[in-house]
Amino acid sequence: MNALAAEAARLGSVLAGLGPADWARPTPCPPWDVAGLVGHVVTTLARVPVMLDGPAPAVASVDAVDYYRPDARFGPDVDAARISSGRSLAAGAGSGLSAEFDRVWRSVVTRCAAEPADRLVSTRHGDAMLLTDFLVTRVVEVGVHGLDLAAALDREPWLTPEAASTLTDLLLPAASGVLDELGWDRVTFVRAATGRSPLDPAAREVLERSGLRRLALGPA
């Protein structure tokens, strides 16, 4: 949860400084513009309290890696709904979108801090997960889409140390020696591992040999 709070605070500081033209910029996740993509991120965070209000499953059956498995959750109908919900939330929030993002992420962190370490939740896809594992997927949403927003805003890509560590551990558990071999920092690795920057054949071979976990992240 520390990683989620740190990365959300970092993104929030960027959003607070955007002007009207910035919100309309296209992103690497078409058809979303910056506002639509932020609306999507807010939507993904707002699911946490909904799950906590529901009944807890008896046992966990999915972890953060399995959550991103390639199945119907990334099908055309689900993707269309995902795109529409992000746009709708952005349109509804209007000029208050930055404040809405801030309100939602802070409420999620506060709510989760009161939950026991073994709290289980059921996702909208029917996955039974530890809350701690589901929060890792929210770091993916805030952190990786933060990289997309940095590209859209012509800024240097950012990841807080907490989020970079969480994402690296998710994508490549034995990363330390591998990143040294490639001469990469964690931001460079996360961008490459999630398709945000090109991956040359030599680096691809090193990562695959080292057990890179490929997440199905959908078209966006």
Side-chain angles (χ1 to χ4, degrees), residues 1-12 40-75 78-79 81-82 85-86 89 101-148 159-176 178 186-187 189-190 193-195 207 210-218 220:
M1 187 164 58
N2 289 340
L4 178 60
E7 193 64 18
R10 176 69 179 88
L11 177 55
H40 166 67
V41 174
V42 174
T43 300
T44 68
L45 294 176
R47 293 195 181 105
V48 176
V50 175
M51 292 190 303
L52 291 174
D53 287 339
V59 295
S61 58
V62 172
D63 63 13
V65 175
D66 290 336
Y67 177 85
Y68 286 105
R69 63 191 181 274
D71 61 13
R73 73 193 62 204
F74 296 109
V78 178
D79 278 333
R82 186 177 290 122
S85 65
L89 191 147
F101 172 77
D102 193 67
R103 183 192 69 78
V104 170
W105 82 256
R106 291 181 186 279
S107 68
V108 166
V109 168
T110 299
R111 179 80 183 270
C112 291
E115 297 293 332
D118 60 352
R119 177 66 154 93
L120 300 177
V121 294
S122 293
T123 74
R124 70 187 183 111
H125 302 294
D127 297 321
M129 300 180 69
L130 279 166
L131 174 62
T132 50
D133 280 342
F134 187 74
L135 291 178
V136 170
T137 73
R138 301 309 88 178
V139 178
V140 174
E141 298 294 337
V142 177
V144 175
H145 282 315
L147 297 174
D148 296 326
L159 281 174
T160 59
E162 298 91 340
S165 178
T166 295
L167 294 175
T168 301
D169 289 346
L170 175 69
L171 293 161
L172 191 66
S176 297
V178 178
R186 290 174 186 266
V187 176
F189 165 69
V190 173
T194 59
L207 292 175
S210 303
L212 176 66
R213 294 164 165 174
R214 295 192 173 276
L215 308 184
L217 297 174

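In this structure the side chain of Thr194 reaches within 4.5 angstrom of the side chain of Leu171, judged on heavy atoms. Residues Leu159 and Arg186 are not in side-chain contact: their nearest non-hydrogen atoms beyond the backbone lie 4.5 Å or more apart. Side-chain contact between Val142 and Trp105 is absent, with no heavy-atom pair separated by less than 4.5 Å. For the pair Asn2/Thr166, no side-chain contact is recorded, criterion being any heavy-atom separation below 4.5 Å from C-beta on.
A donor-acceptor pair is defined here as one N or O able to donate and one able to accept, closer than 3.5 Å; such a pair exists between the side chain of Thr44 and the backbone of Val41. A donor-acceptor pair under 3.5 Å links the side-chain atoms of Thr137 to the main chain of Phe134, judged by distance alone.
The stretch residues 46-63 participates, sequence neighbours left out, in these side chain to side chain donor-acceptor pair (under 3.5 Å) pairs: Asp53-Arg111. Within the structure, side chain to side chain donor-acceptor pair (under 3.5 Å) pairs that include any residue of residues 123-135 comprise Arg69-Asp127, Arg73-Asp127 (at least two apart or interchain).
The nearest pair of heavy atoms linking Leu130 to Ala117 is CD2-O, 4.2 Å. Of all heavy-atom pairs spanning Leu120 and Ala58, the tightest one is CD1-O, 3.5 Å.
Atom-to-atom distance recorded for Leu11:CG and Phe101:CZ is 4.0 Å, nearest 0.5 angstrom. Once rounded to the nearest 0.5 Å, the distance linking CG of Leu89 with OG1 of Thr43 reads 4.5 Å. Between Leu170 atom CG and Tyr68 atom OH the span is 8.0 Å, to the nearest 0.5 Å. In this structure, CG on Leu45 lies 8.5 Å from OG on Ser107, to the nearest 0.5 angstrom. Separation of atoms OG (Ser85) and NE2 (His40) is listed at 7.5 Å; rounding is to 0.5 Å. Residue Asp169 holds its CG atom at 9.0 Å from CZ of Arg213, rounded to the nearest 0.5 Å.
The number of heavy atoms from other shown groups lying within 6.0 Å of CG (Asp66) is above 12.
The side chain to side chain contact (heavy atoms under 4.5 Å, CB included) with Leu172 is formed by just one residue from the set Leu167, Val190, Leu212; it is Leu212.
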